Each structure stands twice: as structure tokens, then as C-alpha cells.
Amino acid sequence: MDKRVRVRFAPSPTGGLHLGGMRTVLYNYLFAKKQDGDFIVRIEDTDQSRYVPGAEEYIFNCLKWAGLQPNESPLHGGDYGPYRQSERKEQYTQYAEQLVKQGQAYYAFDTPADLEKMRQDFKTEQNPSPQYDHGIRMKMRNSLTMNSDEAKRLIAEGAKFVIRIKMPEHETVTFKDLVRGEVSFDTSVVDDKVLLKADGMPTYHLAVVVDDYLMKISHAFRGEEWLPSAPVHVLLWKYLFGLDKMPQWAHLPLILGPNGKLSKRDGAKFGFPVFAMNWTDPKTNELTEGFKEKGFLPGAFINFLALLGWNDGTEQEIFTKEELIDKFSIERVHSGGAKFDYEKAKWFNHEWIRKTEVGSLKSEVRILLNETGLTGIENPMLEKVITLVKDRCTLLTDFYDQSWFFFKAPDNWDVDAVKPKWSEDKKDFFLSYIDKLSTISNWQLATLEESFKTLATEKNIKPGDLQLPFRIMLVGGKFGPPVFNIVELLGKDETINRIKKALAVF
RNA sequence: GGCCCGUUCGUCUAAGGGCUAGGACACCACCCUUUCACGGUGGUGAUACGAGUUCGAAUCUCGUACGGGCUACCA
């Protein structure tokens, strides 16, 4: 009896894909997978003036990176195409005309200047932004205020016109929202939205209803910013296809930045990404940072995004994608907006790096090191290094800071940290230690540490006083994993070389 | 201005009429560590306010305040 679950993500290709958009994708995806349904991506490109080249491809790249692949889309095909609204232009006109015939919509011939004049003329203190609504429409140039012959004549003459919905005056539209329960609106406070634009393209309002119908969408999830226009969509469903065919709605809470609505600016200002992947605006060349390039694992990204406004009722916080699919339910999504906390997002990533196996991290880390000029790294060495430092890395990009010295000798040293306590005795110790190291055949952590301590005792120096200089000789500064772990991985020749080189400077 | 949505530690949240309002991030302290981290243990910290219903309210109702969204031939 229940129809097949089909959900859609419907972005407009106008720029980067931010956290809110990605979370909408995620919830759609999880919901669909859980019910064994279809996840569809439909490109809402009805506004040619806002079209941005590359944005569509970028969106699909983000979905691919996050592992949220659609079943149907302009890229993946499907039985309900085309999946770009610009390619469906012809489909919408008939429905708009049908509404006019049914008396639920009308032609309007007002020019942009007319509309501007109306807004000025009717602007008052109480009503700073007058709407084209039931109170105003009889004062404008439309098929309601002229006789039908004149409207027909104007259209025949090629006059520019739009089709507007004729909102009823005092009806209450009520619908059930999966995250908020019942929501009602008085139709008299919503304006006569344009359905079909002068260029023949539909607006979002018409297109979303027609396409959701034609694509047999069963559940429609979108951002909370759509809630105020929901009554228009509900009415359109009622007039065109019947309320019984209408998808179930869920208006998702907004993701907020430190000062309200999350924006690109917040990212730049507070130093965190807001887009899934790097996005360069083709017009301004402005680069907005993405979570991928910042060093996030896709699993961690999805994980923290899912928890921004949803939880499974237990205290579990780390979820794999499979677990999320298994546990997700739209009813447990919060109705309140969530402020994005970058610190917590990083914590998720840290947890994910820790739990991800070395083998899965290898190629990412290799690419990262390559980009900084560290090439030709052998696999076994790379694996040992990752194992040693992964617990210290919050972001993938931390692997560089935590490990470059395994692949490249330092060329300057934190001498200020050494000099004040440096002495001939210590120099003598390291000279002897070089000899001792060259005789060691069992190059292992315990042996190395033991030999160091023994020699120090023989020379009457506290081993602790020697460890810091030793570390600085090897890596250049006061950082890195435990000293003898570094020595072990560096190997005999490299360790001796580094001591010699540093001794010349100290 | 109007309409709609929302409000539990600084942040994300649990508790759907009944234990001392629980967890996580962040922060602080201690432990571990002769670098820095990780880690471990503990701590500070919240039901916006005011009424009402009730034996009993974070939870239900109303009002107020505050926050957010919308108010385009953009989505």
C-alpha cells in the first residue's frame, strides 16, 4: 500500500555546497537507504541569471567525496529524467495554464517598474514591504483587473507576462511536518507568488511541485527557510495533483554560525571551512575552503554533520555510515537550529583518524607529503610512521607537521633551547654515543634506550639532561614522538649523520 | 512592521508528568610523560522569564522576552 520511498536533494548550481546543504543531502540519503528507497539529485537551475559554470560538477564531486552517491541524477541517469529543470521547461507551462483555467492563477503584466512603484506607493510604517496579495492584486495590471479579451490580446501581441497563484483570502492551510508536527498558515498573509516567469521558466514554487509529482517523490526534506512558502506548495498540490499524492514534508533546522546564520564570511573570519570541498568562485576567483582540503575524513565529516541536529537517543557519538543508515530516523531530528562548533568537528575527525587503519590512511598521507615535496617514500616506512603519529593528528594535514622529519633532516635547530645548558661534557657524550651506536647490531627501541642511559651513567650525566639536545639534533625542535621511537625509525646511518651535523652547530 | 519556526551547561544534545537534570566538545585541576601531544581521573557549568494545570512540570497550556527564517519574475 505504501508507495516506494523516493527522496530528492534539489540544489541550484550557484556556488559552493555548505554544511546545511550537505546535511540535507545526508538526511535524504540516510532516509532513503534505510527504507531501501531511491535518492535523487535534481538540479534546480531555473534562474539563468544565477547560473555559475562548474557549480553542478562541483556538487557531484562533493557528494562523491562524502560517499553519498545518488541513484538518479543528471550524471547518473534514471527513468524520471531529465533531472535538470532547465531541460524540463516545457513540462511546467501546461500546469500553470491549467491553474489559470481553474481560476486558481492569473496572468500579470506588471513591469518591474510597476512592481517597484507599487512597493513604494503602499509602503507604510506598519507595512514596510507590501506584497502582491489579495489586497493589492485588484489594483495591478493583470487578467483579474482587465477583461479576458484584453488579456488574450496582450498575450497574442507578445506582451511579457507572468502567471501568479491567486491565494485564497481566508483559508487555513495545515500540513504535517515530520520534524515539527502540525503547521498552519493563514493564506491571506502569503502573497500571490509568481509561478511562471516572463522568460517562460517556472519559479521554484511551481517547479518543485511539478517535479516532485512527476518524479514520484514520497518525502520532501529541505531547509527551514522554505517553511513560509510551504502553504503555496501545499495549495499547488491540492489544485494540481491532489493532497493524497503530496510527499511528506520535513523542514530541517538551520545550521548557524557563531553569530547567527552560517555564512562564507564566518568561515573566513573564524578560520573554519563552511563548504564540503574547496570552491573557487569563477567570477571573483575567491577561494572558499572546504572540509576535504582542510584535512577531514569523509566518514568524520558525515558523522559530525549527522549529529548536528540528530541523535539516536543513546550516548553513542561515533557512527559509521552504515550505523547511521541503520539508526537514522527523521522523527528524531531536532526542530531547533544548531550552532556549528568547529572544535567538536575536529574532535570527530581526530577520533576517526585514530580508528582508521593505517592501510586506509596511507594513500591520503602520501599525497599530502608529496604535495610538500616529500617524495619517494617507501611503503613500510610510511606505515611505521603513520602508526607512530596518527594519535597525534587531528586533521589529515597534521601528518606533515608530525612526520616530515622522518623523511628529511632538519636544516636548522632550536639552538636557543640547547645553548644555555650545553657543555663540553655533553659534546663528549654524543661523540662517544656515535661510536657506540655504530656498534649496535640490534637496532630496537629497548636496546637504543638502554645504551643511551648506560653511556650517560658512565659519563656521569643525567640521561634526562641529554634527551632534549638529542631530540633537537634529530628533528630540529621540541616536538615529535618519543626520542627513541624516532631513532628506531631513522636507522643507524641517518641518526649518526644527524648527530654529527648538529654537533657542528651547537 | 507582518507571518512562521524555535529556546536544557559557552557549544552539540539526553531525559516525552516522578531518582541528585545524564553524556560529549571546550575549559580548569591532577595523573602519565625528562619534548609536545595522545590518554586516564576528577571538577566548574543549564531547563530564558512569569503565570496556570497537577500531589508532582525541563516536559502540558497561556503570556512575555530573546534568537532565527521568510516577506524577489533567487533558490
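Protein chains get the first letters and strands the later ones, always in sequence-line order, with residue 1 at the start of each. Source: prediction; values computed, not measured.
- Taking only side-chain atoms of A:Pro128, from C-beta outward, the nucleotide of B:A37, B:A75, B:G1 with the closest atom is B:G1.
- With 3.5 Å as the limit, one finds no donor-acceptor pair spanning the side chains of A:Thr172 and A:Asp186.
- Using a 4.0 Å heavy-atom cutoff across all strands shown, A:Arg119 reaches sugar-phosphate atoms only and no base atom.
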Step-by-step side-chain hydrogen bond (donor to acceptor under 3.5 Å, both in side chains) determination, A:Thr111 to A:Asp114:
CA-CA 5 Å; A:Thr111 64; A:Asp114 292 339; 3.2 Å; yes
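- When the P atom is used for both B:G2 and B:U64, the distance is 12 Å, rounded to whole Å.
- When heavy atoms are screened at a 4.0 angstrom cut-off, A:Arg180 is found touching the sugar-phosphate backbone but no base atom.
- At a threshold of 4.0 angstrom between heavy atoms, the contacts of A:Phe185 are confined to the sugar-phosphate backbone, with no base atom among them.
- Taking side-chain N and O atoms only, A:Arg471 has no distance below 4.0 Å to OP1 or OP2 of B:U33.
- A salt bridge does not link A:Asp398 to A:Arg392: none of the charged side-chain nitrogens sits closer than 4.0 Å to a carboxylate oxygen.
- Within the 4.0 angstrom heavy-atom criterion, base atoms lie near A:Pro482.
- Between A:Glu44 and A:Arg50 there is no salt bridge, since none of the side-chain N atoms of the basic residue sits less than 4.0 Å from a carboxylate O of the acidic one.
- Residue A:Val183 is classed as a sugar-phosphate contact, given heavy-atom separations below 4.0 Å to backbone atoms only.
- Using Watson-Crick or G-U wobble geometry with both donor-acceptor distances under 3.5 Å, B:C38 finds no partner in any strand shown.
- A donor-acceptor contact closer than 3.5 angstrom links the side chains of A:Ser49 and A:Asp47.
- Nucleotides B:A57 and B:C49 have their C1' atoms positioned 16 Å apart, rounded to a whole Å.
- Look at the P atom in both B:A14 and B:G22: the space between them is 15 Å, to the nearest Å.
- In this structure, B:G16 forms no base pair with any nucleotide, since neither Watson-Crick nor G-U wobble geometry is met with both distances under 3.5 Å.
- Rounded to the nearest Å, the gap between the C1' atom of B:A75 and that of B:C70 is 13 Å.
- The residue A:Gly223 sits apart from the nucleic acid: no heavy atom pair falls under 4.0 Å.
- A:Glu488 and A:Lys384 are not joined by a salt bridge, as no carboxylate oxygen comes within less than 4.0 angstrom of a charged side-chain nitrogen.
- Looking at the side chain of A:Glu317, the nearest of the listed nucleotides B:A24, B:U71, B:C74 is B:A24.
- Atom CH2 of A:Trp352 and atom C1' of B:C38 are 20 Å apart (whole Å).
- As rounded to whole Å, 13 Å separates atom P of B:A72 from atom CE of A:Met140.
- Rounded to a whole Å, the CZ atom of A:Phe348 is 9 Å from the P atom of B:C25.
- A straight line from NZ of A:Lys160 to C1' of B:C73 spans 11 Å, rounded to a whole angstrom.
- With both ends at atom C1', the span from B:A26 to B:G68 equals 24 Å, rounded to whole Å.
- Note on A:Lys344: every side-chain N or O is 4.0 Å or more away from OP1 and OP2 of B:C27.
- The CD-C1' distance, from A:Glu315 to B:A14, rounds to 7 Å in whole Å.
- On the P atoms, B:A29 is 38 Å away from B:G69, given to the nearest whole Å.
- The CZ atom of A:Phe484 sits 14 Å away from the C1' atom of B:U33 (whole-angstrom rounding).
- Nucleic acid contact class of A:Val162 (heavy atoms, under 4.0 Å, all strands): base.
- Contact of A:Arg354 with B:C38 (side chain to base): no donor-acceptor pair of N or O atoms is detected under 3.5 Å.
- To the nearest whole angstrom, the two P atoms, one in B:G18 and one in B:U59, are 11 Å apart.
- The partner of B:A75 cannot be assigned: no Watson-Crick or G-U wobble pair with both contacts below 3.5 Å exists in any strand.
- Centroid-to-centroid, the aromatic rings of A:Phe275 and A:Phe291 stay 6.0 Å apart or farther.
- Across all strands shown, the partner of B:G52 is B:C60, judged by Watson-Crick or G-U wobble contacts whose two distances both fall under 3.5 Å.
- Taking the side chain of A:Glu343 as heavy atoms from C-beta on, and the options B:C74, B:C25, B:U13, the nearest nucleotide is B:C25.
- Candidate nucleotides B:U34, B:G1, B:C38 were compared by shortest atom distance to the side chain of A:Pro463, and B:U34 ranks first.
- OP1 and OP2 of B:G23 both lie 4.0 Å or more from every side-chain N or O belonging to A:Thr314.
- When the options A:Tyr107, A:Tyr106, A:Tyr132 are evaluated for a side-chain hydrogen bond (donor to acceptor under 3.5 Å, both in side chains) with A:Asn142, the one that passes is A:Tyr132.
- Checking A:Gln94 against A:Gln98 by side-chain atom types alone, no donor-acceptor pair falls below 3.5 Å.
- Contacts of A:Pro11 with the nucleic acid, taken as non-hydrogen atoms under 4.0 Å apart, are absent.
- Note on A:Ala198: a base of the nucleic acid sits closer than 4.0 angstrom, heavy atoms only.
- Look at A:Arg164 and you'll find a side-chain N or O under 4.0 angstrom from OP1 or OP2 of B:C73.
- Using a 4.0 Å heavy-atom criterion, one finds that A:Gly336 contacts the sugar-phosphate atoms exclusively.
- OP1 and OP2 of B:G2 both lie 4.0 Å or more from every side-chain N or O belonging to A:Asn127.
- Side-chain contact, A:His18 with A:Arg23: no donor N or O sits under 3.5 Å from an acceptor N or O.
- As judged by a 4.0 angstrom heavy-atom cut-off over every strand, A:Ser335 is placed among residues touching the sugar-phosphate backbone only.
- Counting non-hydrogen atoms under 4.0 angstrom, A:Ser184 reaches the backbone sugars and phosphates but no base.
- Rounded to the nearest Å, the gap between the C1' atom of B:C9 and that of B:G45 is 5 Å.
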Determine, for nucleotides 63-69 of chain B in 5'-to-3' order, which nucleotides have protein heavy atoms under 4.0 Å from the base (write B), from only the sugar-phosphate (write S), or from neither (write -).
-----SB
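- An OP1 or OP2 oxygen of B:A75 is reached within less than 4.0 angstrom by no side-chain nitrogen or oxygen of A:His205.
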Which pairs of donor and acceptor atoms, one on a side chain in residues 334-343 of chain A, lie under 3.5 Å apart (sequence neighbours left out)?
| unit_1 | atom_1 | unit_2 | atom_2 | d |
| --- | --- | --- | --- | --- |
| A:Asp341 | OD1 | A:Glu343 | N | 3.1 |

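- Whole-Å rounding puts the A:Lys339 NZ to B:G6 C1' distance at 13 Å.
- Using a 30° and 60° split on the angle between ring planes, A:Phe452 and A:Tyr433 fall in the perpendicular class, above 60°.
- Atoms CG (A:Asp110) and C1' (B:A72) sit 14 Å apart, rounded to a whole Å.
- Backbone-only contact: A:His350 has heavy atoms under 4.0 Å from sugar-phosphate atoms and none from a base.
- Across all strands shown, A:Thr14 has no heavy atoms under 4.0 Å from either base or sugar-phosphate atoms.
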